[in-house]
Undergrad: 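After the C-alpha cells below, expect a handful of questions from me.
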Amino acid sequence: MLNYLWAGMILTGVLWGAFHGQLAAVTEGALTSAKEAVTLCITMLGVMTLWTGVLEVGKRAGLIDQLSRRMRPVLRFLFPRLSPDCEAAKQISVNMIANMLGLGWAATPAGLKAMEELKKVEEERGEFPAGTASNEMCTFLIINISSLQLIPINMIAYRSQYGSVNPAAIVGPALAATLFSTVVAVIAVKILGKSRI
C-alpha cells in the first residue's frame, strides 16, 4: 500500500511541475534531495557504527550484564512472567539501554533477537495459538515503540548535520515527550494485558 502511496505522490509532483512549467525545478529538487539523502546516510552510518561499537565494547567488558542486572526490577514489573535470567530478558535489556541512549538503529538487532527469544518462550508455554503475539511480545513492542530516550543521539546527529546552532537543545523536549509516551504505553499495556489473560 505504501508503495502505491509514494508512487502516487511522486507522480502527482512530477505532473504538477510539468503542468506549471517547472519540470527543471522538479529534476533539480530530486537530485538535491538524493545528494542530501546519501550524505545523511553516511553521517548516520558513522554515528551508528560508533555507538554499536561502544555497545559491543560494553558487552565484552561486562557493563551490559551489570546494567541488565540493575534493570531486573523494571523487567520484573514489565514482564512478570518472564525469567530475569533468560536470553529474552538480556536482549530486552540491551534493546532498552540502546533506546535510552537514543540509538534506535543500534537497538534493532537486540530487539529482533528479543522477539525471537520471546517467540520461543511462548512456543514452550503454548498459551496462544501459533502466530499470535504473547503479552510479553506486545509489552516489548509497545515499550520499544515508545522508546524512552535519555540522550537522543540520532536526533542530535541529524540536527548537527543540518547546521543547528545548538544540536543538543532537543534533549529536554525529547526526554519529556518519550517519558510521557512510555508512561502512557506502560499503563495501556498493563490494562490491556490483564483483559487478555
Undergrad: Could you give all pairs that pass the side chain to side chain donor-acceptor pair (under 3.5 Å) test and reach residues 176-185, with sequence neighbours left out?
TA: Ser146-Thr182
Undergrad: Test your reading of the model: is there a side-chain donor-acceptor pair from Thr12 to the backbone of Gly8, 3.5 Å cut-off?
TA: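 Checked: pair present.
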Undergrad: What about Ile92 and Val74, same hydrophobic cluster or not, with Ile/Leu/Val/Met/Phe/Trp/Tyr joined at side-chain heavy-atom distances under 4.5 Å?
TA: yes
Undergrad: When clusters are formed by joining ILVMFWY residues with side-chain heavy atoms under 4.5 Å apart, either directly or through shared neighbours, do Ile151 and Leu179 land in the same one?
TA: yes
Undergrad: Excluding sequence neighbours, so at least two apart, what forms salt bridge (Lys or Arg N to Asp or Glu O under 4.0 Å) with Arg72?
TA: Asp85
Undergrad: By the rule that ILVMFWY residues connect when side-chain heavy atoms come within less than 4.5 angstrom, directly or transitively, which residues belong alongside Val38?
TA: Ile42
Undergrad: Do Leu112 and Leu118 belong to the same hydrophobic cluster, where Ile, Leu, Val, Met, Phe, Trp and Tyr are linked whenever their side-chain heavy atoms lie under 4.5 Å apart, directly or via other members?
TA: no
Undergrad: Taking all atoms of both residues into account, what is the closest heavy-atom pair of Ile170 and Pro152, and its distance?
TA: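 Minimum heavy-atom separation between Ile170 and Pro152: CG2-CG, 3.9 Å.
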Undergrad: Apply side-chain contact (heavy atoms from CB on, under 4.5 Å) to the pair Met71 and Met100, showing each step before the final yes or no.
TA: CA-CA 12 Å; Met71 287 186 68; Met100 282 186 221; 4.0 Å; yes
Undergrad: Using the rule given for side-chain contact (heavy atoms from CB on, under 4.5 Å), can you reason through Leu78 versus Phe140, listing the C-alpha separation, both sets of side-chain angles and the distance that settles it, and then say yes or no?
TA: CA-CA 8 Å; Leu78 293 172; Phe140 175 62; over 6 Å; no
Undergrad: Keeping to residues at least two apart or across chains, list the salt bridge (Lys or Arg N to Asp or Glu O under 4.0 Å) pairs with something in residues 52-66.
TA: Glu56-Arg60
Undergrad: Which residues pass the side chain to side chain contact (heavy atoms under 4.5 Å, CB included) test with Val57, sequence neighbours left out?
TA: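 Partners of Val57 by the side chain to side chain contact (heavy atoms under 4.5 Å, CB included) criterion come out as none, since no residue qualifies.
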Undergrad: Below 4.5 Å, heavy atoms only, C-beta onward: do Thr139 and Val186 meet side chain to side chain?
TA: no
Undergrad: Give the minimum heavy-atom separation between Val26 and Gly17, together with the two atoms involved.
TA: CG2-CA, 3.9 Å
Undergrad: Residues in salt bridge (Lys or Arg N to Asp or Glu O under 4.0 Å) with Glu36, at least two apart?
TA: none
Undergrad: May I ask whether Ile191 and Val183 are part of the same hydrophobic cluster, defined by side-chain heavy atoms of I, L, V, M, F, W, Y residues being less than 4.5 angstrom apart, directly or through others?
TA: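 Linked within one cluster.
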Undergrad: Can you list the residues that meet the salt bridge (Lys or Arg N to Asp or Glu O under 4.0 Å) rule with Arg70, with sequence neighbours excluded?
TA: none
Undergrad: Tell me whether Met96 shares a hydrophobic cluster with Phe180, the cluster being built from Ile, Leu, Val, Met, Phe, Trp, Tyr side chains joined at under 4.5 Å.
TA: no
Undergrad: Linking Ile, Leu, Val, Met, Phe, Trp and Tyr through side-chain heavy atoms less than 4.5 Å apart, which residues share a cluster with Phe19?
TA: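 Result for Phe19 is none, singleton.
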Undergrad: Determine the minimum heavy-atom distance between Ser83 and Ala89, stating which atoms define it.
TA: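 Heavy-atom minimum between the residues: O-CB, 3.6 Å.
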Undergrad: Applying side-chain contact (heavy atoms from CB on, under 4.5 Å) between Asn99 and each of Val94, Asn144, Ile145, report the one that passes.
TA: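 Single side-chain contact (heavy atoms from CB on, under 4.5 Å) partner of Asn99 among Val94, Asn144, Ile145: Asn144.
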Undergrad: Could you check whether any side-chain N or O of Asn95 sits under 3.5 Å from a backbone N or O of Ala110, counting only pairs where one atom can act as donor and the other as acceptor?
TA: no
Undergrad: Within the structure provided, determine whether Gln149 and Val171 are in side-chain contact (heavy-atom separation under 4.5 Å).
TA: no
Undergrad: side-chain contact (heavy atoms from CB on, under 4.5 Å), that's the test. Do Asn135 and Leu192 meet it? Break it down for me.
TA: CA-CA 9 Å; Asn135 285 347; Leu192 295 173; over 6 Å; no
Undergrad: Under the side chain to side chain donor-acceptor pair (under 3.5 Å) rule, collect the residues that match up with Ser164, sequence neighbours excluded.
TA: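 With neighbours one apart ignored, the set is Arg159.
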Undergrad: Do any pairs count as a side chain to side chain donor-acceptor pair (under 3.5 Å) and have a residue in residues 22-32, sequence neighbours left out, and if so which ones?
TA: none
Undergrad: Considering residues at least two apart in sequence or located in another chain, which fulfil the salt bridge (Lys or Arg N to Asp or Glu O under 4.0 Å) criterion with Lys120?
TA: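 By the salt bridge (Lys or Arg N to Asp or Glu O under 4.0 Å) rule, Lys120 matches Glu117.
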Undergrad: Going through the distances and angles, do Leu175 and Leu150 end up as a side-chain contact (heavy atoms from CB on, under 4.5 Å)?
TA: CA-CA 6 Å; Leu175 177 60; Leu150 304 177; 3.8 Å; yes
Undergrad: Please list, chain by chain and in numerical order, all residues satisfying side chain to side chain donor-acceptor pair (under 3.5 Å) with Gln66, sequence neighbours excluded.
TA: none
